[in-house]
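So the structure is just underneath, and the comments pick up after that.
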Amino acid sequence: MEYYKENLRDLEIKNEDTGIIVRFSMTNARKTAQGGAMYHKKAEIVKILPEIIKYALYNNFGKRKETDPEEVLGFLNFKGRSKLDGEVENVRLAIQFQKSAKFYYNIEVNKIL
């Protein structure tokens, strides 16, 4: 959280594949840190998150869940790769699309077998 506050808070990054501008907020930081399992690779990816968001490739659209706030229209799902600890990792990036035309992210990192 400290790294995020000092380096990423209020940053805006344009995704090259779609032209979407993704906003970094403390809500994103809390969701990343507390909204699911926090593990070493997920924490490490935060350091290069602007690059991941910038170059991730659009994959598909996910519908909103009934439990999502009314503001949420759905999720734009992206995929990318990064090298962590000497190994190539798949990175899944879900960008929440809101009625207010704001975009927020969530990330997952999976090892390539």
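Qualifying salt bridge (charged side-chain N to carboxylate O under 4.0 Å, His left out) partners for E12, counting only residues two or more places apart in sequence or in other chains: R23. By the side-chain contact (heavy atoms from CB on, under 4.5 Å) test, L57 pairs with D17, sequence neighbours left out. Scored by the side chain to side chain donor-acceptor pair (under 3.5 Å) test, T67 finds no partners at all (sequence neighbours excluded). A search for side chain to side chain donor-acceptor pair (under 3.5 Å) contacts involving N60 returns N77, not counting sequence neighbours. For F97, the ring pair (Phe, Tyr, Trp, His ring centres under 6.0 Å) criterion is met by F103, not counting sequence neighbours.
Taking 4.5 Å as the limit, some side-chain heavy atom of L73 sits within range of a side-chain heavy atom of K99. When side chains are defined from C-beta on, I20 does not count as touching Y58, because their heavy atoms never get closer than 4.5 Å. The closest side-chain heavy-atom distance from L8 to Y3 is below 4.5 Å. You'll find the side chain of N90 reaches within 4.5 Å of the side chain of R81, heavy atoms only.
Taking every heavy atom of both residues into account, A56 and L93 meet most closely at CB-CD2, 4.0 Å. Pairing each heavy atom of G74 with each of F61, the nearest pair is CA-CZ, 3.6 Å. Here the closest heavy-atom approach between residue F75 and residue R64 is recorded as CE1-CA, 4.2 Å.
Note: the hydrophobic cluster containing V72 does not contain F24 (ILVMFWY, side chain heavy atoms under 4.5 Å, direct or indirect links). One hydrophobic cluster, built from ILVMFWY side chains closer than 4.5 Å, holds both I48 and V91. The hydrophobic cluster containing L11 also contains I53, counting ILVMFWY residues as joined when their side-chain heavy atoms lie under 4.5 angstrom apart, directly or transitively. The hydrophobic cluster containing Y55 does not contain V46, counting ILVMFWY residues as joined when their side-chain heavy atoms lie under 4.5 angstrom apart, directly or transitively.
Here salt bridge (Lys or Arg N to Asp or Glu O under 4.0 Å) pairs that include residues 51-63, with residues two or more places apart or in two chains, number zero.
Rounded to the nearest 0.5 angstrom, N15 CG and L76 CG are separated by 9.5 Å. Between the CD1 atom of I52 and the CD1 atom of I13 there is a distance of 12.0 Å, given to the nearest 0.5 Å. Atom CZ of residue R9 and atom CG of residue N7 lie 12.0 Å apart, to the nearest 0.5 angstrom.
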